[in-house]
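Encoded as structure tokens, the structure appears first; notes follow it.
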Amino acid sequence: MQFTLSRTPYSSPVARALCGEVQAEYVVRYGEGDMTELADADFEPPNGDFIVVYDEAGEPVGCGGWRSHGEDAEMKRVFVRASARRQGLAKRIVAAVEASAAAAGRKRVILETGPMQPEAVAMYGLLGYTPVPAFGYYGQEEGSIHLGRELGSDLPH
């Protein structure tokens with residue numbers, strides 16, 4: 001199956017719907033959604049970006065983005081609908097987010113995740129993400145996982 005990745009405003013109905021699905025999944029896994037405050041402007045170039053993946057039929061099946069966090073790019077809302085999983089889309093989304101952040105002059109991508117997302121933690125490890133100092137809304141939360149990766153020509157995607 002062919003997939004298309006497309007820059008999409010975070011404020012768009014498509015992005016909103018996918019982010020709603022992300023939040024619903026967090027509720028199932030953690031008992032509540034991600035409480036991190038996000039604004040539409042956080043994902044506007046050159047200080048951020050948001051990407052949606054579409055299948056051959058033009059249906060949105062995944063998303064991810066980044067926003068400025070000091071000099072770093074903070075990755076947010078990487079998600080693939082259950083019907084499109086196990087096809088490498090999450091890795092493609094991460095690669096697209098990293099490429100966008102690098103094009104905007106960011107040298108590192110950081111992210112927060114948690115223990116109830118073991119598949120995400122494993123994927124990020126395979127992609128070269130390593131622990132970084134805790135930050136953000138969940139910086140003091142026990143079990144919160146903070147990872148980062150330097151951007152450069154050695155991207156392992």
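It should be emphasised that the depicted structure is a prediction, and the values quoted were computed from it without experimental measurement. Residue indices begin at 1 and follow the sequence shown.
A donor-acceptor pair is defined here as one N or O able to donate and one able to accept, closer than 3.5 Å; no such pair exists between the side chain of S144 and the backbone of G139.
The minimum heavy-atom distance between W66 and A73, with the atom names listed, is CE3-CB, 3.4 Å. Heavy atoms only, all atoms of each residue included: L18 and P60 are closest at CD1-CB, 4.0 Å. Minimum heavy-atom separation, A15 to P9: CB-O, 3.5 Å. The nearest pair of heavy atoms linking M123 to A90 is SD-CB, 3.6 Å. The nearest pair of heavy atoms linking A84 to V61 is CB-CB, 3.8 Å. Residues V132 and G148 come closest through the heavy atom pair CG1-N, 3.4 Å.
Rounding to the nearest 0.5 angstrom, the gap separating the OG1 atom in T113 from the CD atom in Q117 is 3.5 Å. Once rounded to the nearest 0.5 Å, the distance linking CG of L89 with SG of C63 reads 11.5 Å. Between R108 atom CZ and E150 atom CD the span is 6.0 Å, to the nearest 0.5 Å. Put simply, CD1 on I51 and CG on L5 are 6.5 Å apart, with the number rounded to the nearest 0.5 Å. To the nearest 0.5 Å, atom CG of residue L147 and atom OG1 of residue T130 are 7.5 Å apart. Rounding to the nearest 0.5 Å gives a distance of 7.5 Å between CZ of R92 and CZ of F3.
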Start with the C-alpha gap between E25 and Y30, add the side-chain angles, then the distance that decides, and say whether side-chain contact (heavy atoms from CB on, under 4.5 Å) holds.
-> CA-CA 8 Å; E25 186 148 335; Y30 295 101; over 6 Å; no
Should L151 and K107 be marked as a side-chain contact (heavy atoms from CB on, under 4.5 Å) after you check the CA-CA gap, both sets of side-chain angles, and the distance that decides it?
-> CA-CA 5 Å; L151 298 175; K107 304 291 184 221; 5.7 Å; no
Pair E98-R149, salt bridge (Lys or Arg N to Asp or Glu O under 4.0 Å): steps then yes or no = CA-CA 9 Å; E98 289 176 345; R149 177 169 154 31; 3.5 Å; yes
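Using a 4.0 Å cut-off between charged side-chain N and carboxylate O, R16 and D40 make a salt bridge. In this structure, R81 pairs ionically with E21, as a charged nitrogen and a carboxylate oxygen lie closer than 4.0 Å. Between E119 and R29 there is a salt bridge, with a side-chain nitrogen of the basic residue lying less than 4.0 Å from a carboxylate oxygen of the acidic one. Between R77 and E112 there is no salt bridge, since none of the side-chain N atoms of the basic residue sits less than 4.0 Å from a carboxylate O of the acidic one. D34 and K76 are joined by a salt bridge, as a carboxylate oxygen and a charged side-chain nitrogen come within less than 4.0 angstrom of each other.
Under a hydrophobic clustering in which Ile, Leu, Val, Met, Phe, Trp and Tyr are joined whenever their side-chain heavy atoms come within less than 4.5 Å, directly or via other members, V97 and L38 fall into different clusters. Cluster annotation: I145 is connected to Y124 through the hydrophobic network of ILVMFWY side chains, with a link wherever side-chain heavy atoms come within less than 4.5 Å. A single hydrophobic cluster is seen to contain both V14 and V22, as judged by linkage of ILVMFWY side chains at heavy-atom distances under 4.5 Å, directly or through other members. Hydrophobic clustering (side-chain heavy atoms under 4.5 Å, transitive across Ile, Leu, Val, Met, Phe, Trp, Tyr) keeps V52 apart from V80. When hydrophobic clusters are built by joining Ile, Leu, Val, Met, Phe, Trp and Tyr residues whose side-chain heavy atoms come closer than 4.5 Å, directly or via intermediates, V94 is grouped together with V121.
Here Y138 sits in one hydrophobic cluster together with M35, Y137; the rule is ILVMFWY side chains under 4.5 Å apart, joined directly or through other members. As a member of the Ile/Leu/Val/Met/Phe/Trp/Tyr network built from side-chain separations under 4.5 Å, V28 groups with nothing else and remains a singleton.
In this view, R7 and D49 satisfy the side chain to side chain donor-acceptor pair (under 3.5 Å) rule, not counting sequence neighbours. Annotation: ring pair (Phe, Tyr, Trp, His ring centres under 6.0 Å) contacts of Y10 (sequence neighbours excluded): F43, F50. In terms of the salt bridge (Lys or Arg N to Asp or Glu O under 4.0 Å) criterion, E56 has no residue partners (sequence neighbours excluded). Under the ring pair (Phe, Tyr, Trp, His ring centres under 6.0 Å) criterion, F135 pairs with H69, H146, not counting sequence neighbours.
R106 and S100 share no side-chain donor-acceptor pair at under 3.5 Å.
The side-chain heavy atoms of V109 and D72, taken from C-beta on, include no pair separated by under 4.5 Å. E74 is not listed as a side-chain neighbour of D42, based on a closest heavy-atom distance of 4.5 Å or more.
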